[in-house]
Undergrad: 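Take a look at this one; I'll ask things after.
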Amino acid sequence: MISLTWPKPRGAVGVRTEGPSRAAVRGGVAECIGLMVAVAFALLTVWHIDATDRSSMLYYDGDSVLPALVRGSIQSGQPQDWALSAVLFIPEMGLYFALSALGLGIKATFALNAAVNLTLFYGVLRFVSGVVQHDRPRVHRVVGALAAFGTATGLALLEDSPGRNTFELASLLATTTYYSMTLLASVATTGLAARLVAPGARSRWRWLELALVGVGALSSLTNPCSWRGRCSQSLSCSGSSRGGE
């Protein structure tokens, strides 16, 4: 008589194995908790800025109110003849225009824009954490991003001066035109570059390199100073108009 014996599946005796679906659920829970904590940090930071003299930078500074001025000019049908650095203003204006479609007031839209800017900063940090620590558990990557984001928001909570000529830089990320999108792109580029030089990244170097070139090209070619050659003309016209005043 021939007897057939089947090998027992691995992990069937005394060993508990975690299936891919359970790991995915745990990772999703960690991501949700991390996002909620980040949103709470962002709202706390915006509340601090609103409650202190730093609110003048958020609501009343000339550069900060530029998106609202441009939107009001477009809505009134005025001709548009702006001379500005597109890489520093166009992304911020796009975000402000999208949020202003909610119908909130100008100050409320500025506050919402600040919270979104900070939350996007966490998203970029989470991206960098995932790229740099791709071989670590997802929970560790979330904690790493939260640690960096908590440090940045903690610095913003220490800032309360009304002026721009200070070393209080962390809270400027909450404003609409103070290089917020440039900062996000710089952090994301750092993550891409770190992944590019990491061991074993040869199979992915092509799309990473193209992504870096794309970010650099978009940042440079959307700046009118780089291809229209009108910076000196704009500055001289601005100086002449101010001198005439």
Side-chain angles (χ1 to χ4, degrees), residues 22-52 54-55 57-59 61 64 67 88 91-102 104-105 107-161 167-195 211 215:
R22 186 172 180 180
V25 170
R26 290 186 59 186
V29 170
E31 296 288 358
C32 291
I33 294 175
L35 180 59
M36 289 189 293
V37 173
V39 171
F41 283 174
L43 294 177
L44 177 62
T45 304
V46 175
W47 171 83
H48 168 77
I49 295 174
D50 179 80
T52 61
R54 200 63 175 165
S55 60
M57 292 296 299
L58 181 62
Y59 299 131
D61 182 76
S64 297
L88 301 181
E92 288 84 352
M93 284 185 185
L95 178 58
Y96 177 83
F97 285 10
L99 296 177
S100 62
L102 298 176
L104 304 175
K107 290 185 66 175
T109 303
F110 283 152
L112 178 61
N113 202 136
V116 172
N117 280 353
L118 293 170
T119 305
L120 287 175
F121 183 51
Y122 167 75
V124 172
L125 291 174
R126 176 63 187 89
F127 166 74
V128 173
S129 178
V131 169
V132 176
Q133 305 183 77
H134 63 281
D135 55 341
R136 302 291 298 274
R138 181 178 292 189
V139 175
H140 293 181
R141 287 176 267 170
V142 172
V143 171
L146 279 177
F149 184 67
T151 301
T153 54
L155 291 175
L157 292 175
L158 298 176
E159 301 175 357
D160 57 4
S161 68
F167 287 103
E168 299 181 351
L169 304 177
S171 58
L172 294 181
L173 179 60
T175 60
T176 55
T177 55
Y178 274 97
Y179 307 95
S180 57
M181 296 301 168
T182 301
L183 174 62
L184 298 181
S186 300
V187 175
T189 301
T190 302
L192 290 174
R195 183 59 179 147
V215 170

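Side chains included, hydrogens not; waters and symmetry mates left out as well; all remaining heavy atoms used.
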Undergrad: Looking at OG of S55 and CG of D61, how far apart are the two atoms once the value is rounded to the nearest 0.5 Å?
TA: 11.5 Å
Undergrad: Which side-chain N or O atoms in residues 144-158 pair as donor and acceptor under 3.5 Å with protein atoms at least two apart or in another chain?
TA:
residue, atom, partner, partner atom, Å
T151, OG1, A147, O, 2.9
T153, OG1, F149, O, 3.0
T153, OG1, G150, O, 3.1

Undergrad: Does E92 reach the main-chain N or O of M181 with its side chain, forming a donor-acceptor pair under 3.5 Å?
TA: yes
Undergrad: Run the numbers on L95 and V116 for side-chain contact (heavy atoms from CB on, under 4.5 Å), then give the verdict.
TA: CA-CA 9 Å; L95 178 58; V116 172; 4.0 Å; yes
Undergrad: Can you name the ring-ring contact (aromatic ring centres under 6.0 Å, His included) partners of F121, sequence neighbours left out?
TA: none
Undergrad: Looking only at heavy atoms, which two atoms of T119 and A42 are closest? And how far apart?
TA: OG1-CB, 3.9 Å
Undergrad: How far does CH2 of W47 sit from OG1 of T52, to the nearest 0.5 angstrom?
TA: 9.0 Å
Undergrad: Enumerate donor-acceptor pairs with a distance under 3.5 Å from any side-chain N or O in residues 32-39 to protein atoms, sequence neighbours excluded.
TA:
none

Undergrad: Going by heavy atoms in the side chains, are T177 and P67 under 4.5 Å from each other?
TA: yes
Undergrad: May I have the list of side-chain donor-acceptor pairs in residues 107-114 shorter than 3.5 Å, sequence neighbours left out?
TA:
residue, atom, partner, partner atom, Å
K107, NZ, Y60, OH, 3.3
T109, OG1, G105, O, 2.7
N113, ND2, N117, OD1, 3.3

Undergrad: Checking T45 side chain against F41 main chain: does a donor-acceptor pair fall under 3.5 Å?
TA: yes
Undergrad: Return the set of residues passing salt bridge (Lys or Arg N to Asp or Glu O under 4.0 Å) with E159 (not counting sequence neighbours), or none when no residue passes.
TA: none
Undergrad: Taking E168 for its side chain and S161 for its backbone only, find out whether a donor-acceptor pair lies under 3.5 Å.
TA: yes
Undergrad: About how many Å separate CZ of R141 and CG of D135, when rounded to the nearest 0.5 Å?
TA: 8.5 Å
Undergrad: Between side-chain atoms of residues 185-194 and protein atoms elsewhere (two or more places apart, or another chain), which donor-acceptor pairs fall under 3.5 Å?
TA:
residue, atom, partner, partner atom, Å
S186, OG, T182, O, 2.8
T189, OG1, A185, O, 2.7
T190, OG1, S186, O, 2.9

Undergrad: At their closest point, which heavy atom of A115 faces which heavy atom of V46, and how far apart are they?
TA: N-CG2, 3.6 Å
Undergrad: Determine yes or no for a side-chain-to-main-chain donor-acceptor pair under 3.5 angstrom, with S129 supplying the side chain and R126 the backbone.
TA: no
Undergrad: For the pair T176 (side chain) and S64 (backbone), establish whether a donor and an acceptor sit closer than 3.5 Å, ignoring hydrogens and angles.
TA: yes
Undergrad: Would you give the length of the straight line joining atom CG of L172 to atom CZ of R54, rounded to the nearest 0.5 angstrom?
TA: 5.0 Å
